[in-house]
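The structure's right below; bear with me while I get my questions together.
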There are 2 protein chains.
Amino acid sequence: MGRRSDHTRGELEVLFVTEGRRLLAEVGVTRFSAREVAKKVGYSIGTLYNVFGSLDGLMLAMNARTLTLWAEHLRARLEEAGKGDRLAALVRGYFEFAADHPKAWVAIFENQMVDAGPAPEWYQTHVADIMGIVVEEVARVLPAASPPAVLSLTRSLVATVHGHCIFTLYRAFDMLGETAPIYVAMERVREAVAAAGRSVQQGPLTPLTK
Amino acid sequence: MGRRSDHTRGELEVLFVTEGRRLLAEVGVTRFSAREVAKKVGYSIGTLYNVFGSLDGLMLAMNARTLTLWAEHLRARLEEAGKGDRLAALVRGYFEFAADHPKAWVAIFENQMVDAGPAPEWYQTHVADIMGIVVEEVARVLPAASPPAVLSLTRSLVATVHGHCIFTLYRAFDMLGETAPIYVAMERVREAVAAAGRSVQQGPLTPLTK
DNA sequence: CCTTAAATTGAACAGTGCTCAAAATACTTA
DNA sequence: TAAGTATTTTGAGCACTGTTCAATTTAAGG
């Protein structure tokens with residue numbers, strides 16, 4: 001059927017994503033170039049567009065790979081933590097991965113445009129996988145909490161950690177003094193979990209959803 | 001001296017920034033075009049580059065204007081709050097402004113690149129102004145806290161609210177259920193302030209900086 | 001009016017994402 | 001093996017981008 005003998009379609013995808021992520025890590029999302037990726041892989045731009053449809057398509061595939069690596073990192077940190085403070089391990093894993101792959105990490109979020117439609121289902125699967133890791137640990141810490149409450153709290157905890165993480169990476173508001181952001185984020189998480197624990201055992205004074 | 005009689009340099013800056021922000025609000029940061037701005041204002045690209053030096057220069061000027069409007073919005077909300085819950089007013093103001101000017105708001109943060117140097121001082125002034133608003137209110141709620149503790153807590157509170165705000169705007173993790181993000185963010189802020197209040201009155205059990 | 005200095009211009013350059021007729025390749029059938 | 005068919009692969013071409021800078025236009029001074 002005319003495919004070049006040396007690579008199947010699936011191998012091609014991997015090639016483009018791998019080399020694309022290498023370039024992304026070098027130059028960042030703004031100076032990223034599909035042409036450059038194609039050149040490094042040794043195929044033409046046309047082939048890249050046949051495989052991914054658009055730059056956004058390639059970006060999505062690369063971000064999915066990043067999400068997979070991120071999930072692996074989190075699971076590894078959890079394994080290390082064992083029966084210790086597993087939530088702290090997750091927070092540390094969040095920060096560590098962002099610090100180790102800053103350009104790839106911000107690409108995940110910067111690509112999410114404000115008015116872009118929802119991501120395709122296969123991509124949302126990757127997101128759900130990572131969130132599932134956190135949900136599981138939050139549920140473990142709050143065994144008496146209802147599943148919706150666990151989901152809501154998880155979302156809030158991730159948002160909290162994300163805010164601290166992104167401010168650290170962007171060096172925003174450094175004028176407010178050099179604090180240990182991981183430690184501070186963990187404090188916020190502990191407080192939120194403690195508050196949720198109280199409202200679970202004595203009935204919610206203030207409901208989590210308004 | 002050869003300036004076109006109808007506009008001084010300062011007026012030109014305002015013209016470009018105003019029209020630029022209009023375009024930004026329409027098309028967002030990714031499809032923004034300096035040429036388009038110049039065309040709408042009625043000057044050539046060359047003039048735009050004489051005034052701002054680069055696209056980043058124009059972007060910075062536009063973001064500075066956004067920060068000013070944001071600060072005005074926050075102060076207005078504070079005035080409304082009077083002696084009520086002023087921190088809640090700030091959280092509401094944070095979310096409201098982001099929701100009302102989504103494209104301009106994300107531009108403030110997306111433009112902050114990972115490896116870009118620090119912003120020029122005149123720009124940092126605008127950032128410091130907004131942070132000053134929050135610092136003042138945090139200090140008001142925790143009169144016994146030391147200034148460094150107030151700064152550190154402020155940074156953490158803003159990061160927390162920012163995380164919830166950006167997740168809402170990006171519709172990230174919507175699969176975890178539809179919660180009221182403003183309310184949840186306010187819960188996190190209340191918990192953090194309460195915890196800080198406790199550690200102030202009975203001496204910090206765990207120091208804020210590690 | 002002529003000189004001088006500043007402001008304004010826009011063609012030109014190197015790059016981008018993206019398309020799609022044509023070429024190259026492989027598989028199938030005779 | 002040769003011809004025919006189906007599928008990849010290609011890359012010039014299009015419309016755009018940010019950026020530069022010699023040339024032009026404009027205004028002020030003498």
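If you're wondering where the values come from, they're calculated on a predicted model, not measured in any experiment.
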d(B:I182 CD1, B:Y94 OH) to nearest 0.5 Å is 13.0 Å
Produce the list of close N/O pairs, under 3.5 Å, pairing protein atoms with atoms of nucleotides 10-15 of chain C; give distances to one decimal.
{"unit_1": "C:dA12", "atom_1": "N6", "unit_2": "B:R35", "atom_2": "NH2", "d": "3.1"}

How would you list, by chain and number, every residue that makes a salt bridge (charged side-chain N to carboxylate O under 4.0 Å, His left out) with A:E13, sequence neighbours excluded?
none
Neighbour count >12 (heavy atoms, 6.0 Å) for atom CD, B:E11:
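Count over threshold, so yes.
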Could you pick out which residue, A:E36 or A:G53, lies toward the 5' side of DNA chain C when each is mapped onto its nearest nucleotide?
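It is A:E36, whose closest nucleotide lies nearer the 5' terminus.
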Close approaches to DNA chain C from residues 54-62 of chain A, in residue order (heavy atom, under 4.0 Å):
A:S54, A:L55
What do you reckon, are the aromatic ring centroids of A:H162 and A:F109 less than 6.0 Å apart?
yes
Mind checking B:L48 for me? I need base, sugar-phosphate or nothing, with any heavy atom below 4.0 Å counting as a touch.
nothing
Scan residues 22-39 of chain A for pairs that pass salt bridge (Lys or Arg N to Asp or Glu O under 4.0 Å), counting only residues two or more places apart or in two chains.
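Applying salt bridge (Lys or Arg N to Asp or Glu O under 4.0 Å) to every pair that reaches into residues 22-39 of chain A, excluding sequence neighbours, yields A:E19-A:R22.
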Closest non-hydrogen atom pair between A:R188 and B:A192, with its separation
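Scanning both residues completely, I find the closest heavy atoms to be NE-CB, 3.3 Å.
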Check ring-ring contact (aromatic ring centres under 6.0 Å, His included) between A:H101 and all other residues, then give those that pass, not counting sequence neighbours.
A:F97
Would you kindly give the CD-to-P distance between A:E11 and D:dT9, to the nearest whole Å?
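That distance rounds to 11 Å.
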Contacts satisfying side-chain hydrogen bond (donor to acceptor under 3.5 Å, both in side chains) that involve residues 53-72 of chain A (not counting sequence neighbours) are A:R21-A:T66, A:T68-A:H126
Using a heavy-atom cut-off of under 4.0 Å over every strand shown, decide if B:F32 touches base, sugar-phosphate, or nothing.
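Sugar-phosphate, backbone atoms only, no base.
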